[in-house]
Amino acid sequence: MYREFKTLNLPQIDQEILAFWDAQKIFDRSVEERPVENSYVFYEGPPSANGMPGIHHVMARTIKDIFCRYHTMAGQRVERKGGWDTHGLPIELSVEKELGITRDDIGKTISVAEYNRLCRETVMRYKDRWDDITRKMGYWVDLQNPYITYTNDYIETCWWLLKQLFDKGLLYKGYTIQPFSPAAGTGLSSHELNQPGAYRDITDTSAVAQFRIKGAENEYFLAWTTTPWTLPSNTALAVGKHITYVKVRTFNRYTQEPITVILAKDRMGAYFTGQTPGLKPEEVKAGNKPIPYLEIVEEMSGASLEGMEYEQLMPYVQPDGPAFRVLLGDFVSTEDGTGIVHIAPTFGADDFRVAKQYGIAALLVKDENGHPMPLVDRQGRFVKDVTDFAGRYVKDYGQEEERPVDVDIVIKLKEENKLFLSEKYLHPYPHCWRTEKPVLYYPLDSWFIRASALKERMFELNLTINWKPASTGEGRFGKWLENLQDWNLSRSRFWGTPLPIWRTKDGLQETCIGSVALLKEAIEKANAVLGKTQTVPEDLHRPFIDDVVLVSESGEPMYREPDLIDVWFDSGAMPYAQWHYPFENQEKFWQNFPADFIAEGVDQTRGWFYTLHAIAVMAFDRVSFKNVVSNGLVLDKNGVKMSKRLGNAVDPFETIAKYGADATRWYMISNAQPWDNLKFDVAGIEEVTRRFFGTLFNTYSFFTLYANIDKFRYAEADIPVEKRPEIDRWVLSALNSLSEACEGSYADYEPTEATRKMMYFVDEQLSNWYVRLSRRRFWRGEYNEDKISAYQTLYECLITLAKLMAPVSPFFADWLYRNLNEVTGKEPHPSVHLALMPAPDASHADPGLEQRMDYAQRIASLVLSLRKTRKIRVRQPLQKIMLPVLDTQFVDQVNEVKDLILAEVNVKVIEYVTDTSGLLHKRVKPNFKTLGKRLGKHMKAVSDLVASWTQADIQQLERSGKYVFELEGESFPATLEDFEILTEDIPGWQVASDNELTVALDVTLTPELEAEGMARELVNRIQNIRKTRDFNVTDQIAVVLENHPEVVPAVEWHGGYIRQETLAASLSLADNVPEGDLLELPNELQLHIQVKLV
RNA sequence: AGUCUCGUAGCUCAGCUGGUUAGAGCGCUACACUGAUAAUGUAGAGGCCGGCGGUUCAAGUCCGCCCGAGACUACCA
């Protein structure tokens, strides 16, 4: 017996199947039963178990799961080693938050060892929840042997990779400008800067300063800044190569002194009103915003300004090298400011870069230890060398002062005739999310990977990667690679992979340690030379690794560079480190490199996708993945990003518990392409449940209801397809087309297409056509070949669907598969996930059949529509329909499906109309596609002409099969191909049409037809009674019907039919039916009827 | 600010290389069906295809600009 169920309960199916998978170790088997030689490599991007899983994780993991399952079913071995991302700032921050400490406390109120111990504990905090969601959503990944980034083995591989890069000269220490929070005394990561609310609008005092040109009288460059406090650190000005500059004579608005200034021509309008010959100094006032000018003296290109020198604006500190020159910078624009950019290499990333490129010095002083430092200290205060402002904070850090230092700087410039203009300026400025104080961009020492050296190669290799969607690979990722900057590896943090570089105090000698063995060797050497007793720490993390002192070639002690490496390096190292390559598993590694497939959110484009790619290219000159799917975000149903703060985050546990994993997965995949953002709405899950799973479940229930009665166990040999009825062959053909299409979609990483095709098949083809038309074959008559054919056919549809849908909805698919296979034992596999995808069977494909069934569906639909408009119920038989013949095969095609159509629409005969004598009213349209190319601009005239043709013209065209357009002296011959001729109407008939198909319905009712209609009504009513009385499908009955002239012909002529349909042993008419039910029949006829079991 | 995606019916989405009545499902309304029935069928209402301009005989589709949403990147002075 097939299992029968009253209602569909997806969550219960989840439970049942999960228990089955566990008990039978189906996941393990699905891997082990596939040959090692034919493997499909998948890399799991490690999540951090430090946060709770969200619904977006279900999305991302569904995509991963689909293709892994698909390739398993395609016969490949798909190992999926899980992993955990365990290092990094978010973990540190959550520990700090819980302890109520800041970074400064670490090493003071809490030891680094203790702090890291807490990080290690915290990092797996939600592991249970993750394991739980992984299981419940049906994501198959190996969580028994995951890689964990904090283990010594993992760190060792990272070290080995760093050593590879180090040996290739790709690691260097540099000085860069990074976000820095003076209030918190720490550098900030871009992650922190991107916290919500980090950028806030603040009002700054902006200044346009005058930089006096060397060797000229009263000539100045104008440069704008929103940070006047950086002006004492100015050492250069940048102009745009292709920008046009002008030299303008005017007066200083504050001092009224005559000046000549240089600025971008495009920016004139922002500062000047118009030329005023004979302008007097007193006409230029401080209150004027744009001011008049005397004349434009000269025009020049930015390129011609390159190399010009100017006098230092605020000479507190002298540069140690060339400075105060004009440079070319590609970042210079004329959107605001003056088109000349003030460069302070210590406080701007662009500034730093362009200054370095030109060999321009930065302004630095020595700190108490003799180390160079910028003119602002780490607390955000001017150093003593900036005498006028020494000790003043450069931004608002809560200090009490009369005026911000920016204002005092502006005043000083004004007094010295160095200020052209000062204004308040409102702009977004980043703030430290913890202290809420402004961030400074500050020079810090960092280690870098010279990624830019390999960017062409990375770009080239990227072209070989199949990106889904392609635009992310070409656009976002490609562009990123084109403009690649060096990778800042350093993190001044505690919980992470330590940088394995040791240096002498003077920094002249350094070594990179690429393995624990090398470390041991180096330690032994150092112990010998330095007389120490160090050993390799048991834990490679800080602080233990910091204690290790090595020795240089020349015998000097070397100390570890205190930085950690960027956690993204950890994740990018995962292909190697998950196997502890090259220290172990060499063969395993090479079998699993590169990945065939990875998938993550599109936000990982410059995260994990990049680090994987970069490390593989730099260390191996290879790609690390061949196919990548980057999915979009999961938004709430209003398109708003989900967040805890807004309370619109969807709890995946609740969702899955309520709707089941399959409906959730199916909804997410079918609703939108994975790379489009998904507006997550549970109403969509309900719809999928009803429309797809519900329909399929109903189909299964229908099958089991009758298969159990008939004891169909698929024991009979397959009935050859060519011996099966038309409708069976049709659905098998459609099923075969579906298999092919789904396989193509899966292979092409297009899961949405696959699901939509399956939905169409289940709803439109299987349920609403095949089953609807075949119903009687299941419940009527003998267990004969036709019936067996129906069972075999429906069975094949169901089991094939189970396979096709298995990657997306693994639970329901397995449930369906097992319910079927349990009885028939046709398949050797206990689970659908161990089965192979159905091989497309060309012998099932029959395009001609699919076309004529399409005709049948559309003709039936048209007839039903006609009945509807004439209010003639379907039970009332009608005599005939007429079909205008479309082409030579049309009659043959329709005849093949004639019986289906007639049965479906309850009509006796089909007549074909082929004459062109005028019975049919036709319409003609030009074929724009074929004619447009030839006619070009005449197309419109032709369109008008054709529209004006009469029926006679159309007949003429049909008879001759050609037409010649004469247009402006040119002849354009056209054939029938160049026209679309449609039957529009058959005068005197009820006509409906759908594209090329036209149907006419004869609505004449004869007494015979009416009697037959009445007979069917009676059958229907009696069936209802049977049903309400809960009679068995096989119970015989006796029927007595109240006599009435309207029912007499029905009973007389069709009594046998009525009895047969209703299993009535007797049917009689009586003038009085005392204990009967009251029947409501057409024409408001009410009669009594008595139905009894016999 | 830059780069990239997206914008089609009330909602979620199709619309292939440009071709002339712009589609589906859901929702809504009405009717029908009642041996799959908390299903199903038929019909109806509902669209300046985000806006403007361009290319073309022809634009939802190609190009440019703008507006709106989102992501990523970013101290543009």
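Quick note on labels: first sequence line is chain A, next is B, and so on, each numbered from 1. Because the structure is predicted, anything quoted here is derived from the model rather than measured.
At most 12 heavy atoms of other shown residues, nucleotides or ligands fall within 6.0 angstrom of atom CD in A:E977.
At distances below 3.5 Å, at least one donor-acceptor pair connects side-chain atoms of A:D406 with backbone N or O atoms of A:W229. At least one donor-acceptor pair closer than 3.5 Å links the side chain of A:Y442 to the backbone N or O of A:V376. With hydrogens and angles disregarded, no donor-acceptor distance shorter than 3.5 Å links the side chain of A:Y791 to the backbone of A:F703. The closest donor-acceptor contact from the side chain of A:R691 to the backbone of A:E687 lies at 3.5 Å or more, if one exists at all.
The aromatic rings of A:W480 and A:Y610 sit perpendicular, their planes meeting at an angle over 60°, well past the 30° parallel limit.
Summarising the geometry, the separation between CG on A:D681 and P on B:rC13 is reported as 10 Å, rounded to the nearest angstrom. Rounded to whole Å, the distance from CG on A:L1001 to P on B:rU42 is 16 Å. In this structure, the OH atom of A:Y770 is 15 Å from the P atom of B:rA36, given to the nearest Å. As rounded to whole Å, 17 Å separates atom P of B:rU5 from atom CG of A:N631. Atom CG in A:N1020 sits about 20 Å away from atom P in B:rU40, given to the nearest Å. Rounded to a whole Å, the CZ atom of A:F477 is 17 Å from the C1' atom of B:rU5. Atom P of nucleotide B:rU37 and atom CZ of A:R772 are separated by 16 Å, given to the nearest angstrom. Going from atom OH of A:Y441 over to atom P of B:rC76 covers 7 Å, rounded to whole Å.
A side chain to side chain donor-acceptor pair (under 3.5 Å) with A:H342 is found for exactly one of A:T235, A:N234, A:D351, namely A:N234.
Residue A:S767 is classed as a base contact, given a heavy-atom separation below 4.0 Å to a base. Among the atoms of the strands shown, base atoms are found under 4.0 Å from some heavy atom of A:V771. A:N677 comes within contact range of the sugar-phosphate backbone alone, with a heavy-atom separation under 4.0 Å but no base atom that close. Nucleic acid contact class of A:R690 (heavy atoms, under 4.0 Å, all strands): sugar-phosphate only. Using a 4.0 Å heavy-atom criterion, one finds that A:D763 contacts no nucleic acid atom at all. At the heavy-atom level, A:S701 lies nowhere under 4.0 Å from the strands shown. Residue contacts shown for A:F347 include a base, since a base heavy atom lies under 4.0 Å away. Among the heavy atoms of the strands, none lies under 4.0 Å from A:A223. Among the heavy atoms of the strands lying under 4.0 Å from A:Y706 are primed sugar atoms or P, OP1, OP2 only; no base atom is included.
Taking the C1' atom of each, B:rG25 and B:rG46 are spaced 15 Å apart, rounded to whole Å. Going from the C1' atom of B:rC33 to that of B:rG23 covers 27 Å, rounded to whole Å. B:rU40 and B:rU5 have their C1' atoms separated by 40 Å, given to the nearest Å. For the P atoms, the distance linking B:rA58 with B:rC11 amounts to 33 Å, nearest Å. Nucleotides B:rC49 and B:rG18, compared at atom C1', are 15 Å apart to the nearest Å. On the C1' atoms, B:rC57 is 44 Å away from B:rG41, given to the nearest whole Å. Here, B:rG47 and B:rC31 have their C1' atoms 26 Å apart, quoted to the whole Å.
In this structure, B:rA36 makes no Watson-Crick or G-U wobble pair, since no nucleotide meets both defining distances under 3.5 angstrom. In this structure, B:rG60 forms no base pair with any nucleotide, since neither Watson-Crick nor G-U wobble geometry is met with both distances under 3.5 Å. Nucleotide B:rC65 has B:rG51 as its partner under the Watson-Crick or G-U criteria, with both atom distances under 3.5 Å. Pairing for B:rG41 goes to B:rC31, judged as Watson-Crick or G-U wobble with the two contacts each under 3.5 Å. Across all strands shown, B:rG25 forms a Watson-Crick or G-U wobble pair, both distances under 3.5 Å, with B:rC11. The partner of B:rC4, taking Watson-Crick or G-U wobble pairs whose two distances both stay under 3.5 Å, is B:rG70. Base pairing analysis places B:rG46 opposite nothing; no Watson-Crick or G-U wobble pair with both distances below 3.5 Å involves it.
Put simply, A:K925 has a side-chain N or O that comes within less than 4.0 Å of OP1 or OP2 on B:rU21. A close approach under 4.0 Å does not occur between any side-chain nitrogen or oxygen of A:R691 and OP1 or OP2 of B:rA24. Using a 4.0 Å cut-off, no side-chain N or O of A:N671 falls inside it from OP1 or OP2 of B:rU12. For the OP1/OP2 pair of B:rA36 and a distance below 4.0 Å, the side-chain nitrogens and oxygens of A:R775 include at least one atom meeting the criterion.
Partners of A:Q765 according to the side chain to side chain contact (heavy atoms under 4.5 Å, CB included) rule, which considers only residues two or more places apart in sequence or in another chain, are A:W730, A:A734, A:Y760, A:F761.
For A:W224 and A:Y271, the gap between ring centers reaches or exceeds 6.0 Å.
Along RNA chain B, the nucleotide closest to A:L1063 and the one closest to A:N927 are compared, and the more 5′ of them pairs with A:N927. Both A:L931 and A:Y667 sit near RNA chain B, but only A:Y667 has its closest nucleotide nearer the 5' end.
Residue A:N768 places its side chain closer to B:rG41 than to any other of B:rC13, B:rU12, B:rG41.
Remark: A:R1021 engages A:E1017 in a salt bridge, criterion side-chain N to carboxylate O under 4.0 Å.
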Please tabulate the protein-to-nucleotide N/O contacts below 3.5 Å involving nucleotides 56-60 of chain B, giving atom names and distances.
| unit_1 | atom_1 | unit_2 | atom_2 | d |
| --- | --- | --- | --- | --- |
| B:rC57 | O4' | A:G936 | O | 3.2 |
| B:rC57 | O4' | A:K937 | N | 3.3 |
| B:rC57 | N1 | A:G936 | O | 3.0 |

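Counting heavy atoms from C-beta on, the side chains of A:T227 and A:F347 never come closer than 4.5 Å.
For B:rA36, the base has no donor-acceptor partner in the side chain of A:T695 [N/O atoms by modelled type, under 3.5 angstrom].
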